[in-house]
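Below is one structure, written out as structure tokens; comments come after it.
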Amino acid sequence: MRIARFTTGGDPRFALVEDNTLVVISGDPLYMPVQPTGERVPLDRDDLRLLAPVIPRSKVVGVGRNYADHAREMGNEVPATPMLFLKPNTAVIGPDDPIVLPTWSEEVHVEAELAVVIGKVTRNVPAERALVHVYGFTVANDVTARDVQRAEQLWTRAKGFDGSCPLGPWIVPGLDVDDLRVTARVNGATRQDGRTSDMVHGVAELVAFASEVFTLLPGDVILTGTPAGVGEVVHGDVVECEVEDIGVLRNPVIRR
Ligand code: MG
């Protein structure tokens, strides 16, 4: 099952993605059972726009240095416990939305990541039961102002700006994410090519760990870290982040 959020000009709606068709469902599937309305919308319809499949209700939780080869390329050690940071939900944009480079950064990097969408109120859940609290998975791009990240101790500005969290193209519930390929392409050239099996801390462990810090709400999102190969993007680039069995999240990059 793939669950998309979309608009054809009016309020956002949800749909199941079946081949090249959206099967529209009533309400928000995070909070109510999936119920098709009978309406079907072709995916290639001119006025159709896919939106971020979820707007995190309270937060996006990021995890730093969760792939050893990425920690190494940045000259860092792998932390003993997951290194959490937050992105505000105002950072979220959807498929094909432009990543607008902030005026105050000269070096913005992209990071392809598996994203976990929380499905239930989650507090102090043990890792053995953590996956029950997961609604599904999507693709994220943890866009980072690398020069600012290097210059400042806190990552709030470097990773929290508007547009720094593209999500999409849809949510896949019930996926086995233990060993999926994670790639990033810029203008068609592969920059990152890793596997979720190389994560230092796996999904269940991350959900459990985060839930000991703050209550996770339905619709909150956890970014699970990025493999090696991060690099700069500039005005005019097109970034595609892909997680196997989920899909491709594509965003153009612009500088205003
Ligand atoms: Mg990251």
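For this chain, numbers begin at 1 and follow the sequence in order. In each ligand, atom 1 is the first atom listed, and ligand 1 is the first ligand listed.
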message: Using the rule side-chain contact (heavy atoms from CB on, under 4.5 Å), only one of Val143, Asp97, Asp142 pairs with Pro166; which is it?
response: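 Exactly one candidate clears the test, Val143.
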
message: Hydrogens and angles aside, do His109 and Glu111 bring a side-chain donor and acceptor to less than 3.5 Å of each other?
response: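 Judged by distance alone, the side chains do not pair up.
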
message: Any donor-acceptor pair under 3.5 Å linking the side-chain atoms of Asp220 with those of Ser58?
response: yes

Validation: residues 27-34 side-chain donor-acceptor distances under 3.5 Å, sequence neighbours left out:
{"unit_1": "Asp28", "atom_1": "OD1", "unit_2": "Leu30", "atom_2": "N", "d": "2.9"}
{"unit_1": "Tyr31", "atom_1": "OH", "unit_2": "Arg57", "atom_2": "NH1", "d": "3.2"}
{"unit_1": "Tyr31", "atom_1": "OH", "unit_2": "Pro218", "atom_2": "O", "d": "3.4"}

task: Under the ring-ring contact (aromatic ring centres under 6.0 Å, His included) rule, collect the residues that match up with Phe161, sequence neighbours excluded.
output: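 By the ring-ring contact (aromatic ring centres under 6.0 Å, His included) rule, Phe161 matches Trp104.
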
field: Pairs meeting criterion salt bridge (Lys or Arg N to Asp or Glu O under 4.0 Å) with involvement of residues 116-125, two or more places apart
entry: none

field: Sphere of radius 2.8 Å around the Mg ion (ligand 1) - protein N, O or S atoms inside
entry: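 Counting only protein N, O or S atoms under 2.8 Å from the Mg ion (ligand 1), the list reads Glu111 OE1, Glu113 OE2, Asp142 OD2.
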
